[in-house]
Amino acid sequence: MITYNGERIVDAAFAEQVYEAVARIPRGKVATYGQIAAQVGDPLAGREVGHIMSCAPSGRNLPCHRVVNRTGALAPDYAFGGQEKQRALLEAEGVTFLADGRIDMTLHLWGKYEQFNIFDMS
DNA sequence: CGCCTGACAGACT
DNA sequence: TAGTCTGCCAGGC
């Protein structure tokens, strides 16, 4: 469990909210771990979000490949069976990558640049 | 307990 | 944006 502002939040409940938030990420967009953490009420627990993803239950069809760090870099190889895999999944949804293999955050970051994004594929 | 580590983030340079 | 330093939280030792 975690503590926040004196309140105690059950670990399982926290994870549950994380999964919900992740499930809400629209197709063709990505969110940062920090964003997810903020949505579930703990903006400072980005690391926890990452850890929770690693334990994500497989029965839920969670689009965890849409969650990246703030620079748009993909998760380490051990997360999706290779970054190639994750990249393929994202590209299949319309996410574009930069030459250095990172996601173009100015186009696909969920909730930050939509006003500039013509395409809203959800 | 303290210390180190990590799918992270923010402020600064 | 990249690099660096610092802050945060949980978990393992």
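Every chain is numbered from 1, with letters handed out A, B, ... down the list of sequences. Note: hydrogens, waters and symmetry copies are ignored here, and every other heavy atom, side chains too, is used.
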Considering only side-chain heavy atoms of [X], which listed nucleotide, [options], is closest?
X: A:Tyr78; options: C:dC9, B:dG6, C:dT1; result: B:dG6
X: A:Asp100; options: C:dA2, C:dT1, B:dA7; result: C:dA2
X: A:Ala75; options: C:dC8, B:dA7, C:dA2; result: B:dA7
X: A:Ala79; options: C:dC9, C:dA2, B:dA7; result: B:dA7

* **Pair A:Gln39, A:Arg24: side-chain N/O donor-acceptor within cut-off below 3.5 Å** => yes
Can you tell me how far [atom2] of [N] sits from [atom1] of [X], to the nearest Å?
X: A:Ile36; N: C:dC9; atom1: CD1; atom2: P; value: 19 Å
X: A:Arg102; N: C:dT1; atom1: CZ; atom2: P; value: 6 Å
X: A:Leu98; N: C:dT1; atom1: CG; atom2: P; value: 8 Å
X: A:Ile103; N: B:dA7; atom1: CD1; atom2: P; value: 17 Å
X: A:Met105; N: C:dT1; atom1: CE; atom2: P; value: 8 Å

Under 3.5 Å between N/O atoms: give me all the protein pairs with nucleotides 9-13 of chain B, atom names plus distance.
residue : atom : partner : partner atom : Å
B:dA9   : OP1  : A:Thr32 : OG1          : 3.3
B:dA9   : OP1  : A:Tyr33 : N            : 3.3
B:dA9   : OP1  : A:Gly34 : N            : 3.1
B:dA9   : OP2  : A:Arg70 : N            : 2.7
B:dG10  : N7   : A:Arg70 : NH1          : 3.1
B:dG10  : N7   : A:Arg70 : NH2          : 3.3

* Look at the side-chain heavy atoms of Ile, Leu, Val, Met, Phe, Trp and Tyr, link any pair under 4.5 Å apart, and say whether A:Leu62 and A:Ile52 land in one connected group. =>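 Per the 4.5 Å side-chain linkage, A:Leu62 and A:Ile52 are co-clustered.
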* C:dC13 to B:dA7 separation - C1' atoms, rounded to the nearest Å -> 22 Å
* Asked: Looking at A:Phe97, is A:Arg87 sitting on its ring face, NZ or CZ under 6.0 Å from the six-membered ring centre and within 45 degrees of the normal?
  ->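 Yes - A:Arg87 lies over the ring of A:Phe97, closer than 6.0 Å to its centre and within 45° of its axis.
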* Evaluate the side-chain proximity of A:His108 to A:Thr96: yes if any heavy-atom separation is below 4.5 Å, no if none is. => yes
* Salt bridge or not for A:Glu16 and A:Arg60, using N-O below 4.0 Å? ->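 Yes, A:Glu16 and A:Arg60 are salt-bridged.
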* Residues A:Glu93, A:Arg66: salt bridge by 4.0 Å N-O rule ->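 Answer for the salt bridge query: yes.
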